[in-house]
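Each remark here refers to the structure printed beneath this line.
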Amino acid sequence: DGYLGRSAVAVNGSRGSVLEIADLKSSTDGFGVFGHYKEADGPEFGSDLFNNVKVTYSETKSKREYSPLKYWPTVGHIDFLAYAPRVDNKQLKGSSIDFTVEGDAANQKDLLWANAIGQTKQTISVTDNKVKFQFAHALSRLGYTVKLKDDYSNVTIKLNKITLAGSNDGKGTNKAFYKKGTIDLSYTSTTSSTTKLWTPSEEKQDFEWYSGDDQLSKTTAVKNPETKYLFVIPQNFSASAPDQLYVIVDYAITYSDGTTVNTKVYKQLEKEFLQGKAYTINLTIGLTPIEFNAEVNNWVDGNTIPEIPLN
């Protein structure tokens, strides 16, 4: 845990994300497929055969469908690339597509990618005669919890705002998170070390993640709703990295006499957010009581007053 006064920040990591197999089946967006036919050996990517073709799941037929239907060539192979959710007019550049991180968390979506290289009518016999895509999560997912460190008497504490920023006040020119990037859909765990999954742009942005007035307590944490996860391009904010990330929390302390004091605290997060991992930023707000003590200085002897004759 990291402390600022009596406020603590901890980051827990776990695997998982929001767009899962059930969501992929129910989604009307489906997933997009690019496919290139090549007669000679060796992978080659393009969109001549499948160009961002929309594939969705039919509940009535219990299968995935697309249109118009295409058929296997008798020679050569097809190299497939896929992503989800599908977006209209998405263009393939080599083996990559562009991606933009929405500035509003409520509008953000998970991003999946997959590929199936060197596919033929013969190779699919081991996958139920279908091209099998094993999708992986391409982004990092962030969530939050906020609670109080202790029970505090005579006060009500309400959460007003959570900001993730590249500066400790959220007003600096240095922003935190990558805003855009290109993702190489051909990337696999065995891809050459010269190939990267992500090539981010230099443009960055901060996020005002929460705005409201939820009352805080020690026992029940305020958590982000399912629609307010952040999905970000993987990025390194560790101590040795050049990029910096601060979590800034605004909250209000209201005393029993009605007096309200608005407070802002911040903490630098030194963490690398990895592809395919979900993280929870656990925020604990603590108050330092104002206490008094009192002492009285002892008398100090003054200068001796000369004898004053009274006669």
Side-chain angles (χ1 to χ4, degrees), residues 11 14 16-32 52 54-57 82-93 96-114 135-146 159-167 170-171 174-183 185 197-214 222-235 237 243 245-250 269 273-281 283:
V11 182
S14 63
S17 197
V18 168
L19 188 55
E20 306 292 357
I21 185 64
D23 303 297
L24 200 57
K25 279 187 174 182
S26 62
S27 170
T28 57
D29 295 325
F31 57 85
N52 198 29
K54 184 177 183 177
V55 180
T56 57
Y57 187 80
Y83 74 99
R86 180 188 175 275
V87 178
D88 288 341
N89 303 316
K90 183 67 71 176
Q91 294 186 351
L92 188 68
K93 301 176 181 179
S96 300
I97 58 173
D98 294 332
F99 180 78
T100 299
V101 179
E102 291 287 346
D104 186 345
N107 295 330
Q108 292 184 355
K109 295 182 179 180
D110 193 4
L111 176 66
L112 307 179
W113 99 98
F135 282 98
H137 299 285
L139 301 171
S140 304
R141 191 192 79 178
L142 309 183
Y144 65 79
T145 68
V146 189
L159 180 65
N160 296 143
K161 188 185 295 186
I162 301 174
T163 304
L164 294 180
S167 60
K171 300 178 182 179
N174 293 329
K175 305 301 180 182
F177 293 98
Y178 297 127
K179 190 172 184 177
K180 298 179 180 180
T182 59
I183 177 174
L185 301 179
L197 175 63
W198 281 103
T199 303
S201 68
E202 292 299 319
E203 188 177 3
K204 295 177 182 176
Q205 62 184 334
D206 296 336
F207 292 113
E208 184 178 302
W209 200 357
Y210 169 91
S211 180
D213 62 348
D214 281 330
V222 173
K223 300 180 180 180
N224 63 282
E226 290 292 321
T227 57
K228 286 292 185 76
Y229 283 111
L230 285 182
F231 293 99
V232 297
I233 295 173
Q235 193 169 351
F237 293 104
D243 293 335
L245 174 63
Y246 293 85
V247 56
I248 306 167
V249 179
D250 293 78
L269 298 182
F273 296 122
L274 301 174
Q275 167 265 318
K277 284 202 170 186
Y279 300 87
T280 301
I281 300 175
L283 305 167

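The residues of the chain are indexed from 1 along the displayed sequence.
- Shortest non-hydrogen contact noted between Y178 and S201 is CD2-O, 3.5 Å.
- A 4.5 Å side-chain heavy-atom check between R141 and K277 finds every atom pair outside the cut-off.
- A salt bridge does not link D88 to K54: none of the charged side-chain nitrogens sits closer than 4.0 Å to a carboxylate oxygen.
- Residues K179 and F99 form no side-chain contact, since every pair of their non-hydrogen atoms from C-beta on lies 4.5 Å or further apart.
- The 12-atom threshold is exceeded at CD of E102, counting heavy atoms of other residues, nucleotides or ligands nearer than 6.0 Å.
- In this structure, K109 places its NZ atom where only 12 or fewer heavy-atom neighbours from other residues, nucleotides or ligands lie under 6.0 Å away.
- Distance check, rounded to the nearest 0.5 Å: CG of L92 to CG of L185 gives 6.5 Å.
- Between Y210 and T163, every side-chain heavy-atom pair lies at or beyond the 4.5 Å cut-off.
- Side chain of Q235 to backbone of P200: no donor-acceptor contact under 3.5 angstrom is found.
- Contact between F31 and A82 at its shortest, heavy atoms only, is CD1-CB, 4.4 Å.
- Annotation: side chain of H137 is not in contact with side chain of L111 (no heavy-atom distance under 4.5 Å).
- The two atoms that bring A138 and I183 nearest to each other are CB-CD1, 3.5 Å, heavy atoms only.
- Side-chain N or O atoms of Q275 include none that pairs as donor or acceptor with a backbone N or O of P234 at under 3.5 Å.
- The aromatic rings of F177 and F207 are tilted relative to each other, their planes meeting at an angle between 30° and 60°.
- When all heavy atoms of A165 and G170 are compared, the pair lying nearest together is CB-CA, 3.7 Å.
- Here the OH atom belonging to Y144 is positioned 9.5 Å from the CG atom belonging to L283, to the nearest 0.5 angstrom.
- Residues S140 and V232 form a side-chain contact, since some pair of their non-hydrogen atoms from C-beta on lies under 4.5 Å apart.
- Here the straight-line distance linking atom CG of L139 with atom CG of L274 works out to 12.5 Å at 0.5 Å rounding.
- Under the side-chain hydrogen bond (donor to acceptor under 3.5 Å, both in side chains) criterion, Y83 pairs with N52, sequence neighbours left out.
- Using a 4.5 Å cut-off on side-chain heavy atoms (C-beta onward), I233 and K180 make no contact.
- Here the OG-NZ distance, from S167 to K175, works out to 6.5 Å after rounding to the nearest 0.5 Å.
- Between A106 and K228, the closest heavy-atom pair is CB-CE, 3.8 Å.
- Taking the side chain as every heavy atom from C-beta outward, L164 and L230 approach each other to under 4.5 Å.
- Judged purely by atom type and a 3.5 angstrom limit, D206 uses its side chain to pair as donor or acceptor with the backbone of A176.
- Legend: residues meeting salt bridge (Lys or Arg N to Asp or Glu O under 4.0 Å) with K93, ordered by chain and number and at least two apart, are D98.
- For D243, the salt bridge (Lys or Arg N to Asp or Glu O under 4.0 Å) criterion is met by K204, not counting sequence neighbours.
- Side-chain contact check for I97 versus W113: every heavy-atom pair is 4.5 Å or farther apart.
- The two residues G181 and W198 have their closest heavy-atom pair at C-CZ3, 4.1 Å.
- Across I281, V222, V146, I248, a single residue satisfies side-chain contact (heavy atoms from CB on, under 4.5 Å) together with I162, and that is V146.
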